[in-house]
Protein chains: 2
Amino acid sequence: MTCMIADGGFANMTAPTLENLPACPVETTLLLIGNKWQVLILRELSLRGTMRFKELQRSIGKISQKVLTSNLRTMEETGLVHREAFAEVPPRVEYSLTDLGQTLRPVLDAMRVWGENYKEQLRGGGLR
Amino acid sequence: MTCMIADGGFANMTAPTLENLPACPVETTLLLIGNKWQVLILRELSLRGTMRFKELQRSIGKISQKVLTSNLRTMEETGLVHREAFAEVPPRVEYSLTDLGQTLRPVLDAMRVWGENYKEQLRGGGLR
DNA sequence: CCGTATCCCCGGCGATACTG
DNA sequence: CAGTATCGCCGGGGATACGG
């Protein structure tokens, strides 16, 4: 019944293989989008399609360049995000979701729906 | 378009009010279940209904008593988890989801479904 | 059994400065 | 603009010991 977690935690993983994959599917998902930045990156890219680095950073709001870069890297490695660099001056790099990344939409949607209802409850005052 | 994050991050929040609630519903959800432990606690309780402390700890696997306690506390404060202590020797404390906590099921389900499909993809070898 | 209190470590994260 | 490097803080989280 127990879903053991692979030692070491969830963040900054490289691409999972069948061997190191947790038995529990929920944990598998946590393995790939287990921190808030990854979720927010996902949200932006799924909303706007293709975005440049700065654009992404500004739209997420309070995220440092370093953290954005590192999260984008790991999401590249896990196959969620596609990165395309253009040899221009000044440089331009565009990020978008891969097909795999797109499949996470239902998860995001569920989160969005819940958040909306929650706020509605709060507004109505009929919570708890 | 931007969904600014309330300063200070997501973890260990007290019960949100309309004022400190983020504009973006996805962030609202992250505010309440933004770390892996909270998700795993949710998974166990939604799966098995009511559980004692030790039971919960064992079924989650690698979680220390301290972390489990603290996460349960914050989930109590945010109204996701119900706690009931019995005046017995030895003590018995039972945890369960509140009605509000139950409403998070669709989010968990979406995560579960995605994790299953992902593993299926890996097995088939047709990923990326 | 359930919980709190300490101690301590490690990693996420921001700030800043510097390259192409 | 995009990215790397370095430094330092702070808090999550483990280990342990103790109390009710």
Determine whether the side chains of A:Asn35 and B:Asn35 contain a donor N or O and an acceptor N or O closer than 3.5 Å. no
Quickly work out the A:Asn35 CG to C:dC13 C1' distance and round it to whole Å. 11 Å
Under the rule for side chain to side chain contact (heavy atoms under 4.5 Å, CB included), what residues qualify as partners of A:Arg105, not counting sequence neighbours? A:Ser46, A:Gln102, A:Asp109
Quick one: A:Leu68 CG to C:dC13 P, roughly how many Å, whole number? 12 Å
Just how far, in rounded Å, is P of D:dG13 from CG of B:Asn71? 7 Å
By the 4.0 Å heavy-atom rule, please label B:Phe86 as base, sugar-phosphate, or nothing. nothing
Could you work out, with side chain to side chain contact (heavy atoms under 4.5 Å, CB included) as the rule, every residue matching B:Val93, not counting sequence neighbours? B:Arg83, B:Ala85, B:Tyr95
Gap between atoms CG and P, on B:Leu72 and C:dC1 respectively (whole Å): 17 Å
Below the 4.0 Å mark, does C:dC2 have OP1 or OP2 next to a side-chain nitrogen or oxygen of B:Arg52? yes
Who pairs with B:Thr103 by side chain to side chain donor-acceptor pair (under 3.5 Å), at least two apart in sequence or on another chain? A:Trp114
Rounding to a whole Å, what distance do you find between B:Glu84:CD and C:dC2:P? 14 Å
In whole angstroms, how far is the C1' atom of D:dC1 from the OH atom of A:Tyr95? 11 Å
Which is more 5' along DNA chain D, the nucleotide nearest A:Thr69 or the one nearest A:Pro90? Just name the residue. A:Pro90
Would you tabulate the pairs of protein nitrogen or oxygen atoms and nucleotide nitrogen or oxygen atoms of nucleotides 14-20 of chain D closer than 3.5 angstrom?
unit_1 : atom_1 : unit_2  : atom_2 : d
D:dG14 : OP2    : B:Ser64 : OG     : 2.8
D:dG14 : O6     : B:Lys66 : NZ     : 2.3

For B:Lys66, check side chain to side chain contact (heavy atoms under 4.5 Å, CB included) against everything at least two apart and list the hits. B:Ser64
Looking at residues at least two apart in the chain, or sitting in another chain, which of them share a side chain to side chain contact (heavy atoms under 4.5 Å, CB included) with B:Glu94? B:Thr50, B:Arg52, B:Phe86, B:Arg92
B:Met51 CE to C:dC1 C1', in whole Å, measures 15 Å
Provide, to the nearest angstrom, the distance between the CD1 atom belonging to B:Ile41 and the C1' atom belonging to D:dG13. 13 Å
Only one of A:Lys119, A:Arg43, A:Arg112 forms a salt bridge (Lys or Arg N to Asp or Glu O under 4.0 Å) with B:Glu27, so which one is it? A:Arg43
